[in-house]
Amino acid sequence: MKTFESLNPATGEVVGVFPITSAKEVNEVVARANSAAEQWSRLSFRKRLVVLKDWASLLTKEINTAAEIIHRETGKPVSDATLETALAIEHISWAAKFSSKVLGSQSRPSGLLMFNMSAQVQRVPYGTVGVIGPWNYPIFTPMGSIAYALAAGNTVVFKPSEFTPAIGVWLEQCWQRIAPFSGIFTVVTGDAETGVALTKSNVGKISFTGSTRTAKKVAAACAENMTPVVLECGGKDPVLIDRDADIKKAAEVTLWHAMSNAGQSCIGAERVYVHKDVADVFTKSIVEMAQKLKPGYEDGANYGPATMPSQLKVIKSHIDDAVKRGGEYLIGDKNSVKDGYVQPVILRNVPEDSKAMTEETFGPTLVINTVRHMDEAVDLANATSYGLGAAVWSKRNGKKIASLLNCGMVSINSAFSFAAIASVPFGGVKDSGYGRIHGAEGLLEFTYPRTIVKTKFNIPLQFTTFQRTGFADKTIVRIVNLLHRRRIR
Ligand code: NAD
């Protein structure tokens with residue numbers, strides 16, 4: 001059996017050794033999950049709720065263990081790992097609690113033409129959902145698919161990132177302790193090849209979270225079998241700061257928005273567009289606070305190393321390109337990327353077509369560009385191939401500005417907050433992907449609608465038959481006239 005190691009990015013220590021699951025083994029796991037799905041989908045919402053609540057409760061009891069594993073595998077501070085786990089638990093609980101309300105059968109009006117029929121829409125789980133996860137929030141991010149898919153009556157086969165297999169395997173071990181029978185939630189470890197095998201297996205749906213580059217390959221593989229797919233990809237999130245904003249708060253929260261988790265957040269702030277009237281105050285305030293940040297692995301560090309060492313080259317190339325093209329360092333210099341860590345980098349006046357403004361940097365870096373008015377900020381915010389999240393800082397015009405942004409989620413006078421509100425959908429547009437996790441939309445995503453109509457009573461006029469009479473034809477025209485004919489203005 002082939003194996004791989006999960007390494008602590010801060011110390012190089014081996015966190016664990018895990019199997020590279022082969023395509024044959026993936027297919028066997030999916031076959032078992034498919035047969036478990038028959039039983040799991042037949043349970044009532046209430047019975048699934050009890051199982052999922054037990055899981056949430058066990059994870060709550062074991063939250064420190066989860067945080068410690070995430071800390072060792074990603075290098076992020078224990079407190080960040082704890083927060084991430086707490087939010088994942090909140091999503092399990094919400095999905096379980098609201099599944100019956102969102103997914104219960106609905107009666108629909110049948111209309112005058114079909115008044116003798118009843119009409120109903122049922123929501124049907126897909127069977128097995130294959131979840132492919134990233135490493136940056138290795139429990140929170142995949143849980144947005146896992147919890148909602150399970151609550152909707154699917155079984156799940158989860159392939160965690162090759163950088164964070166230990167937390168995935170631990171999640172499965174916790175599940176086994178409360179599972180009513182086997183095959184409902186299974187983890188397959190491995191690298192890209194294992195992910196490819198899952199996309200080609202006999203799953204009913206794939207939910208992928210990761211880079212846009214991989215997402216395109218996943219979508220292409222799924223297209224071969226007509227497997228539906230949710231794609232949660234990268235972003236280049238903008239922060240728009242109006243002149244009436246609480247500037248001190250905006251600076252404090254935007255610094256965290258950009259640099260927490262070492263900037264490795266799909267919804268992390270990467271670009272700031274600040275109104276010229278408040279640009280100096282904002283810049284001074286954020287730079288002062290950024291100077292106090294301490295990256296490291298020890299207790300009290302604000303953020304950890306780059307989890308995936310190859311990203312360091314990308315971050316450096318974006319900074320170098322920005323500076324070469326006229327951007328100025330407000331904090332940081334050409335030596336900010338070294339020894340596995342990135343010191344805080346804030347740049348200003350960076351050309352809008354440079355890599356630091358168009359491609360996902362995924363590091364603790366931020367560009368601050370000044371705008372003359374908020375219309376310009378909106379235009380620049382929208383001028384990107386991504387469309388995941390955004391933040392707006394304004395006392396009076398927050399909602400107005402937010403409604404002009406081409407993206408899936410906007411927080412006003414806060415950052416990241418939509419990810420922690422389980423009732424609202426999470427996802428993007430354009431290169432940031434399609435489909436939604438979280439909220440009612442997240443539950444609906446993991447089911448398809450099945451329409452059931454039934455004859456309540458027979459009427460003398462029959463339309464769906466070769467025996468249809470001229471009188472029936474005239475009646476149809478009469479009804480259509482009654483319903484839809486009006487004078488056109
Ligand atoms: P990645 O695309 O390199 O890998 C993601 C997962 O896909 C991994 O498990 C990997 O093994 C697997 N994989 C790789 N090639 C595959 C293939 N051909 N077929 C199937 N699976 C394959 O991404 P990453 O580096 O792990 O994660 C970082 C990216 O994820 C960033 O772009 C970030 O913005 C994005 N992200 C998005 C969200 C969101 O909700 N929108 C959340 C977190 C991270």
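Values below: every heavy atom of this structure, side chains too, minus hydrogens, waters and symmetry copies. Whatever order the structure lists them in is the order used to number ligands and atoms, beginning at 1.
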Requested in this report: Closest by any non-hydrogen atom to atom 29 (C) of ligand 1: pick that one out of G210, G190, P134, G268.
Outcome: G210

Query - Heavy-atom neighbours of K200 NZ exceed 12 at 6.0 Å - result: no

Query raised in the report: Of the choices L198, T209, T164, T214, which has the non-hydrogen atom that lies closest to atom 5 (C) of ligand 1?
Result: T209

Query raised in the report: What atoms of ligand 1 come closer than 4.0 angstrom to any heavy atom of V218?
Result: 19 (N), 20 (C)

Requested in this report: Measure the shortest side-chain to side-chain distance between P295 and Q343 over non-hydrogen atoms and say whether it is less than 4.5 angstrom.
Outcome: yes

Query raised in the report: Is it the case that more than 12 heavy atoms not belonging to N335 sit under 6.0 Å from its CG atom?
Result: yes

Query raised in the report: Below 4.0 angstrom, N of the basic side chain to O of the carboxylate: do K24 and E28 qualify?
Result: yes

**Report entry** Taking atom 21 (N) of ligand 1 as the reference point, the nearest protein heavy atom with its distance
**Finding:** G195 CA, 3.5 Å

Query raised in the report: Under 3.5 Å, is there a donor-acceptor pair between the side chain of T361 and the main chain of G363?
Result: no

Query raised in the report: What class does the angle between the rings of F18 and F4 fall in, given that below 30° is parallel, 30 to 60° is tilted and above 60° is perpendicular?
Result: tilted

Query raised in the report: What atoms in ligand 1 come closer than 4.0 Å to a heavy atom of T141?
Result: 42 (C), 43 (C)

Query raised in the report: Any idea how F426 and F418 line up, ring-wise: parallel (<30°), tilted (30 to 60°), or perpendicular (>60°)?
Result: tilted

Query - Best match, R213, M308, E360: closest heavy atom to atom 34 (O) of ligand 1 - result: E360

Query - K159: numbered ligand 1 atoms lying under 4.0 Å from its heavy atoms - result: 9 (O), 10 (C), 11 (O)

Query - Atom indices of ligand 1, in the order listed, that fall short of 4.0 Å to a heavy atom of E162 - result: 8 (C), 9 (O), 10 (C), 11 (O)

Requested in this report: Measure across P160 and P165 and return the closest heavy-atom pair with its distance rounded to 0.1 Å.
Outcome: CG-CA, 4.0 Å

Report task. Select one of side chain, backbone, both or neither to describe which atoms of F163 lie under 4.0 Å from any atom of ligand 1, heavy atoms only. Result -> neither

Query raised in the report: Between I437, L388, V196, T199, which one has a non-hydrogen atom sitting closest to atom 18 (N) of ligand 1?
Result: V196

Requested in this report: Could you tell me whether W135 and ligand 1 have an N or O pair separated by under 3.5 Å?
Outcome: yes

Query raised in the report: Looking only at non-hydrogen atoms, which of C266, G168, G427 approaches atom 39 (C) of ligand 1 most closely?
Result: C266

Query raised in the report: Which of the numbered atoms in ligand 1 are below 4.0 angstrom from a heavy atom of S161?
Result: 9 (O)

Requested in this report: Would you kindly say whether E73 and T164 are connected by a side-chain donor-acceptor distance under 3.5 Å?
Outcome: no

Report summary line: For G234, the ligand 1 atoms with a heavy-atom partner under 4.0 Å come out as 32 (O), 34 (O)

**Report entry** Distance from atom 33 (C) of ligand 1 to nearest protein heavy atom, with residue and atom
**Finding:** F362 CZ, 3.4 Å

Listing, residues 259-268 side-chain donor-acceptor contacts under 3.5 Å, not counting sequence neighbours, or none:
unit_1 : atom_1 : unit_2 : atom_2 : d
S260   : OG     : W256   : O      : 2.8
N261   : OD1    : K76    : NZ     : 3.4
N261   : ND2    : N136   : O      : 3.1
N261   : ND2    : Y137   : OH     : 3.4
N261   : ND2    : Q264   : O      : 3.0
Q264   : OE1    : T307   : N      : 2.9
Q264   : NE2    : N261   : O      : 3.1
Q264   : NE2    : T307   : OG1    : 3.3
S265   : OG     : Y137   : OH     : 2.6

Report summary line: atom 43 (C) of ligand 1: of N136, T212, T307, D237, the nearest heavy atom sits on N136

**Report entry** Residue part near ligand 1, for Q264, under 4.0 Å between non-hydrogen atoms
**Finding:** neither

Query raised in the report: Who's the nearest protein heavy-atom neighbour of atom 40 (O) of ligand 1, and how far?
Result: F426 CE2, 3.2 Å

Requested in this report: Could you tell me the residue and atom name of the protein heavy atom closest to atom 8 (C) of ligand 1, and the distance to it rounded to 0.1 Å?
Outcome: G133 O, 3.3 Å

Requested in this report: Step through it carefully: locate the ring centre of F98, locate the ring centre of H438, and say whether they are under 6.0 Å apart.
Outcome: no

Query raised in the report: Between R325 and D353, is the closest basic N to carboxylate O distance under 4.0 Å?
Result: yes

Query raised in the report: What distance do T21 atom OG1 and N27 atom CG have between them, rounded to the nearest 0.5 Å?
Result: 11.5 Å

Query - Near-ring test F282/W393, centroid separation under 6.0 angstrom - result: no

Report task. Output yes when the distance from some N or O of ligand 1 to some N or O of S432 is under 3.5 Å, and no in every other case. Result -> no

Query raised in the report: Counting from 1, what ligand 1 atoms have a heavy atom of C233 closer than 4.0 Å?
Result: 37 (C), 38 (C), 39 (C), 41 (N)

Query raised in the report: Taking atom CD of E298 as the centre, does the number of heavy atoms from other residues, nucleotides or ligands within less than 6.0 Å exceed 12?
Result: yes

Report summary line: Ranked by distance from atom 12 (C) of ligand 1, the top protein heavy atom is I132 CG2, 3.7 Å

Query raised in the report: At the 4.0 Å heavy-atom cut-off, does G428 count as touching ligand 1?
Result: no

Query raised in the report: What part of Y137 sits under 4.0 Å from ligand 1 if we count only heavy atoms: the side chain, the backbone, both or neither?
Result: neither

Requested in this report: Have a look at ligand 1 and work out which part of A215, if any, has a heavy atom under 4.0 Å from it: side chain, backbone, both or neither.
Outcome: neither

Query - Taking atom 23 (O) of ligand 1 as the reference point, the nearest protein heavy atom with its distance - result: S211 N, 3.3 Å

